[in-house]
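Below: the structure, in structure tokens.
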Amino acid sequence: MSMSRLAREQVERYYDGTMLPDELVEVMCSDTGWFPARTVSGGSQVRPLRRSAVSLPRLEIADHGRIFDFYDYLSVNRVAGLLILKDGEVVEEVHALGTRRETIWKSCSLAKSITATLVGMALKEGLIESLDDPVSRYAKVGGIYSDVSLRHLLRMASGVRWREDYGDPTSDRRQLMAIQSRWEKGGILRHMESLPAETPAGGSWKYNTGDSYLVSAVMEGATGTNLADYLSRIWHRLGTEADAHWWSECPDGMTISGSGFNARLRDYGRFGQFVLDEGRIGGDRFLPDGWNAEAGSAYHIGSERIPYGYMWWIPVLEDSALEGTFQAEGIYGQFIHINPHKGLVVVVLSARSKPGYRSRLEINDDAFFAALGRAL
């Protein structure tokens, strides 16, 4: 079994950025059937998100030499859903572009940061002994990955030759999508281990969705289960409102750890709060001490500062209001922004004109998050 021709054409247009605005919204919030998916089970007891006594003041978002406000950001950046939590309470919630509170929305690469958090859980449990263990200790993968550590994977510093270009059908990212569209068990691992090295492991950084996919194989070997089922262990304990869904390589294959996670706006917020709380649910702690300090911090390769942690982005805008913040990012404008100093979790779900920010006009998201940090 594999993806149908019609679905493949739709996926290609999705990556090309050639969908009409309403069509993209429909794709983002519907079960397209592009890939098989597993259910991440929610619980029967929903944890209410209380309304904060704090109101959102007028924002001044400085970008492009101009000052924009909150409504400019929503309109220009085609925001379909936005949730601002401060100290775990709702300051602002927006559903737009035809979405509702019940809408399930594609996370795109937010899934990478969710996956990295699950690695932290496995480390806390002792299922992974060290992030410096070779990938091959937990996954049957060869090629250059024999010398790559899990930390290298989380930092996307495997050294593999890679080009992450969504619109170019010849790019490594599009080739990976073509492999994924075959629904072939083990196909992703075989493809990745066939790629050549560009530098030794740890010698360079490239944003690499292929690296993120291999984390799923590592986690399966370490935990004895797939990522969707492993996440289910805490998804219901977060007090989520609904089941989530996570793509698989094939019906009985590994979870697609770098993309394909789909959930409600408020449930993304609950997950972000779990991260902000450093893995605490009630009296239990699911992440190692100091995890956020590692996962949410930039690192260096030689003298070069890499604005990337363990599959979490570090804002690149130089603004004191962003100090100590980190965020999950996905194509078409998806974000989970974490501001530990201000106790803020901000979820942005968007349907923008192109997958990558370099090819579209928008108000800078980091500038928006900085404005929130100053205002709240």
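Bear in mind the structure is a predicted one, so any value in this text is a computation, not a measurement.
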Nearest heavy-atom neighbours spanning [X] and [Y]:
X: Ala242; Y: Trp235; value: O-NE1, 3.1 Å
X: Arg8; Y: Ser181; value: NE-OG, 3.8 Å
X: Ser107; Y: Tyr268; value: CB-OH, 3.2 Å

Between the main-chain N or O of [Y] and the side-chain N or O of [X], is there a donor-acceptor pair closer than 3.5 Å?
X: Ser216; Y: Tyr213; answer: no
X: Ser232; Y: Ser41; answer: yes
X: Trp246; Y: Ser259; answer: yes
X: Ser171; Y: Arg174; answer: yes
X: Asn77; Y: Glu362; answer: no
X: Ser113; Y: Met311; answer: yes
X: Asp172; Y: Arg163; answer: yes
X: Lys354; Y: Leu361; answer: no
X: Tyr145; Y: Met192; answer: no
X: Asn262; Y: Gly260; answer: yes

Practice problem: Using a cut-off of 6.0 Å, state whether more than 12 heavy atoms not belonging to Glu323 lie near its atom CD. | Solution: no
Quiz item: Can you tell me if CD on Glu125 sees more than 12 non-hydrogen neighbours from other groups inside 6.0 Å?
Solution: yes
Quiz item: Hey, is Glu9 close enough to Arg5 for a salt bridge, meaning N to O under 4.0 Å?
Solution: yes
Quiz item: Going by an N to O cut-off under 4.0 Å, is there a salt bridge joining Lys206 and Asp211?
Solution: no
To the nearest 0.5 Å, how far apart are [atom1] in [X] and [atom2] in [Y]?
X: Leu287; Y: Ile281; atom1: CG; atom2: CD1; value: 9.0 Å
X: Met121; Y: Met219; atom1: CE; atom2: CE; value: 7.5 Å
X: Ser353; Y: Leu20; atom1: OG; atom2: CG; value: 12.5 Å
X: Met28; Y: Cys108; atom1: CE; atom2: SG; value: 4.0 Å
X: Leu118; Y: Tyr230; atom1: CG; atom2: OH; value: 7.0 Å

If hydrophobic clusters are built from ILVMFWY residues whose side chains come within less than 4.5 Å, do [X] and [Y] share one?
X: Phe369; Y: Ile314; result: no
X: Leu372; Y: Ile338; result: no
X: Val46; Y: Ile104; result: no
X: Leu153; Y: Phe261; result: yes

Self-check item: side chain to side chain contact (heavy atoms under 4.5 Å, CB included) assessment of Phe271 paired with Thr240
Solution: CA-CA 9 Å; Phe271 180 82; Thr240 50; over 6 Å; no
Quiz item: With distance as the sole criterion, is a donor-acceptor pair present between the side chains of Glu294 and Tyr310 under 3.5 Å?
Solution: yes
Quiz item: Do Thr199 and Ser204 meet the criterion of a side-chain donor-acceptor pair at a distance under 3.5 Å?
Solution: yes
Practice problem: Check the pair Glu220, Asn226 against side chain to side chain contact (heavy atoms under 4.5 Å, CB included), reporting the backbone distance first and the verdict last. | Solution: CA-CA 5 Å; Glu220 284 191 2; Asn226 62 75; 4.0 Å; yes
Practice problem: Under the side-chain contact (heavy atoms from CB on, under 4.5 Å) rule, collect the residues that match up with Arg13, sequence neighbours excluded. | Solution: Thr18, Met19, Glu23
Quiz item: Taking only residues two or more places apart in sequence, or in another chain, which ones meet Ser4 in a side-chain contact (heavy atoms from CB on, under 4.5 Å)?
Solution: Leu6, Ala7
Output all residues satisfying side-chain hydrogen bond (donor to acceptor under 3.5 Å, both in side chains) with [X], sequence neighbours left out; order by chain, then residue number.
X: Ser248; answer: Arg38
X: Asp267; answer: Arg270
X: Arg47; answer: none
X: Glu278; answer: none

Quiz item: Does any pair with a residue in residues 127-143 pass salt bridge (Lys or Arg N to Asp or Glu O under 4.0 Å), and if so which ones, sequence neighbours excluded?
Solution: Glu129-Arg137, Asp132-Arg151, Asp133-Arg137
Distance-only donor-acceptor hits, side chain of residues 81-100, under 3.5 Å, sequence neighbours excluded:
| residue | atom | partner | partner atom | Å |
| --- | --- | --- | --- | --- |
| Lys86 | NZ | Lys342 | O | 2.8 |
| Lys86 | NZ | Leu376 | O | 2.9 |
| Glu93 | OE1 | Arg266 | NE | 3.1 |
| Glu93 | OE1 | Arg266 | NH2 | 2.8 |
| Glu93 | OE2 | His95 | NE2 | 2.9 |
| Glu93 | OE2 | Arg266 | NE | 3.1 |
| His95 | ND1 | Arg100 | O | 3.4 |
| Thr99 | OG1 | Ala80 | O | 2.9 |
| Thr99 | OG1 | Ala96 | N | 3.3 |
| Thr99 | OG1 | Ala96 | O | 2.8 |

When the side chains of residues 324-335 are checked against the rest of the protein, which donor-acceptor pairs come out under 3.5 Å, sequence neighbours left out?
| residue | atom | partner | partner atom | Å |
| --- | --- | --- | --- | --- |
| Thr325 | OG1 | Leu322 | O | 2.7 |
| Gln327 | OE1 | His337 | ND1 | 2.8 |
| Gln327 | NE2 | Glu329 | OE2 | 2.9 |
| Gln327 | NE2 | Asp366 | OD1 | 3.0 |
| Tyr332 | OH | Tyr14 | O | 2.4 |
| Gln334 | OE1 | Trp105 | NE1 | 3.0 |
| Gln334 | OE1 | Ser350 | N | 3.0 |
| Gln334 | NE2 | Ile331 | O | 3.1 |
| Gln334 | NE2 | Tyr332 | O | 3.1 |
| Gln334 | NE2 | Ser350 | O | 2.8 |

Quiz item: For Tyr207, what residues pass the ring-ring contact (aromatic ring centres under 6.0 Å, His included) criterion, not counting sequence neighbours?
Solution: Trp313
Exercise. Give the intermediate values and the outcome of side chain to side chain contact (heavy atoms under 4.5 Å, CB included) for residues Lys124 and Trp291.
Key: CA-CA 10 Å; Lys124 170 74 171 175; Trp291 178 258; over 6 Å; no
Show me the donor-acceptor pairs, under 3.5 Å and distance only, between side chains in residues 57-69 and residues at least two apart or in other chains.
| residue | atom | partner | partner atom | Å |
| --- | --- | --- | --- | --- |
| Asp63 | OD2 | Asn364 | N | 2.8 |
| Asp69 | OD1 | Tyr71 | N | 3.1 |
| Asp69 | OD1 | Asp72 | N | 2.8 |

Would you be so kind as to tabulate the donor-acceptor pairs closer than 3.5 Å made by side chains of residues 296-309, with sequence neighbours excluded?
| residue | atom | partner | partner atom | Å |
| --- | --- | --- | --- | --- |
| Ser297 | OG | Ala293 | O | 2.4 |
| Tyr299 | OH | Arg155 | O | 3.0 |

Self-check item: Verdict with supporting geometry, Glu249 and Ile256, side chain to side chain contact (heavy atoms under 4.5 Å, CB included)
Solution: CA-CA 6 Å; Glu249 182 180 42; Ile256 301 299; 4.1 Å; yes
